[in-house]
Amino acid sequence: NNPIPTKHGLKVLVFGNSFTQDTLAYLPNILRQANITDCIVAGGCGAGMAFDDWMNDINASTHRSNYTYNVSTNGGDIVQYGSYSIDMLLDKEDWDIIVLQERSYKADYICFFYPYMEQFMSYIKNRIKNRKLCFLYNMVWGTSSTYDNASKQQYNDIISTTKRMN
């Protein structure tokens, strides 16, 4: 993976689900506070999407075009566009950073990440022109739905799984 770029005019695309909306809401302000300006922060969001879902769509004979493209330019309001395919999202800009996120109930078990996360990253690398592309992982927070309200345990499992990622 390449180093995280800190240039002005940064272009960031986040692949995820409803949790991604929070990232999109806060990331432009975080970048602005780091004096990184003239940025495009966008998200390719699909309801409940996980790494295996993204790969199933890529491997399907026809790519679905039902992902929303949410974009904030220069820290402005998020504008939402619909009906984008994965390829359309990847081709929209010359992305500097791609952020990936696993579905919340799968984020605490490493077995859900592989081989799908690596396959998704490989697909993106082969599609993106920017050879200095940097991948980041957007760690989700516990929802406690799979732990009978034991959110602290789920949080600890998510932290443990995230630390084990390559």
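Just so it is clear, the model here is predicted, and its values are computed rather than measured. We number each residue from 1, following the sequence as shown.
The two atoms that bring Ile78 and Ser72 nearest to each other are CG1-CB, 4.1 Å, heavy atoms only. Smallest separation of non-hydrogen atoms from Pro28 and Gly75: CB-CA, 3.7 Å. Between Gly44 and Leu89, the shortest heavy-atom contact is CA-CD1, 3.7 Å. Taking each heavy atom of Asn35 and His8 in turn, the nearest pair found is O-CE1, 2.7 Å. Between Asn70 and Cys45, the shortest heavy-atom contact is ND2-SG, 3.3 Å.
Under a cut-off of 6.0 angstrom, the local environment of CD1 in Ile4 is sparse, with at most 12 non-hydrogen atoms contributed by other residues, nucleotides or ligands. Within a 6.0 Å radius of CG in Asp77, no more than 12 heavy atoms belonging to other residues, nucleotides or ligands are found.
Taking hydrophobic clusters as Ile, Leu, Val, Met, Phe, Trp and Tyr residues chained together by side-chain heavy-atom distances below 4.5 Å, Ile40 shares a cluster with Ile98. Leu100 and Ile97 fall into different hydrophobic clusters, where Ile, Leu, Val, Met, Phe, Trp and Tyr side chains are chained together by heavy-atom contacts under 4.5 Å. There is a path of hydrophobic side-chain contacts, each under 4.5 Å, that joins Leu13 to Phe135. Note: the hydrophobic cluster containing Met121 also contains Ile86 (ILVMFWY, side chain heavy atoms under 4.5 Å, direct or indirect links). Tracing side-chain contacts under 4.5 Å through hydrophobic residues (I, L, V, M, F, W, Y), one reaches Ile58 starting from Tyr116; they form part of the same cluster.
Distance alone, capped at 3.5 Å, is enough to place a donor-acceptor pair between the Asp96 side chain and the Lys11 backbone. Between the side chain of Asn29 and the main chain of Tyr26, no donor-acceptor pair closer than 3.5 Å is present. The backbone N or O of Asp53 lies less than 3.5 Å from no partner atom in the side chain of Asp57, so there is not a single donor-acceptor pair.
Contact of the Leu136 side chain with the Val12 side chain is not registered, since no non-hydrogen atoms from C-beta on lie closer than 4.5 Å. Contact check for Leu90 versus Phe15: side-chain heavy atoms found under the 4.5 Å cut-off. With a 4.5 Å cut-off on side-chain heavy atoms, Val99 and Thr23 do not count as touching.
Taking CH2 of Trp54 as the start and CG of Asn59 as the end, the distance is 14.0 Å to the nearest 0.5 Å. Distance check: Tyr81 OH to Met88 CE gives 12.5 Å after rounding to the nearest 0.5 Å. For the atom pair Lys125 NZ and Glu118 CD, the distance stands at 9.0 Å (nearest 0.5 Å). Between the CD atom in Gln119 and the CG atom in Asp52 there is a gap of 10.0 Å [rounded to 0.5 Å].
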Assess the residue pair Asn2 and Arg131 against the criterion (side chain to side chain contact (heavy atoms under 4.5 Å, CB included)); give the C-alpha distance rounded to whole Å, side-chain angles, the decisive distance to 0.1 Å, and a yes or no. CA-CA 9 Å; Asn2 291 307; Arg131 293 296 138 215; over 6 Å; no

Apply side chain to side chain contact (heavy atoms under 4.5 Å, CB included) to the pair Trp95 and Asn130, showing each step before the final yes or no. CA-CA 7 Å; Trp95 303 107; Asn130 183 354; over 6 Å; no

May I have the step-by-step check of side chain to side chain contact (heavy atoms under 4.5 Å, CB included) for Met49 and Tyr67, ending in yes or no? CA-CA 10 Å; Met49 292 298 286; Tyr67 303 113; 3.4 Å; yes

Would you check, one step at a time, whether the test side chain to side chain contact (heavy atoms under 4.5 Å, CB included) holds for Ile36 with Ile30? CA-CA 9 Å; Ile36 300 173; Ile30 292 169; over 6 Å; no

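The residues Lys129 and Asp94 are annotated as not salt-bridged, no charged nitrogen and carboxylate oxygen being separated by less than 4.0 angstrom.
Ring geometry for Tyr137 against Phe51 counts as tilted: the plane angle lies between 30° and 60°, on a 0 to 90° scale.
Using modelled atom types and a 3.5 Å distance limit, the side chains of Asp91 and Tyr84 yield no donor-acceptor pair.
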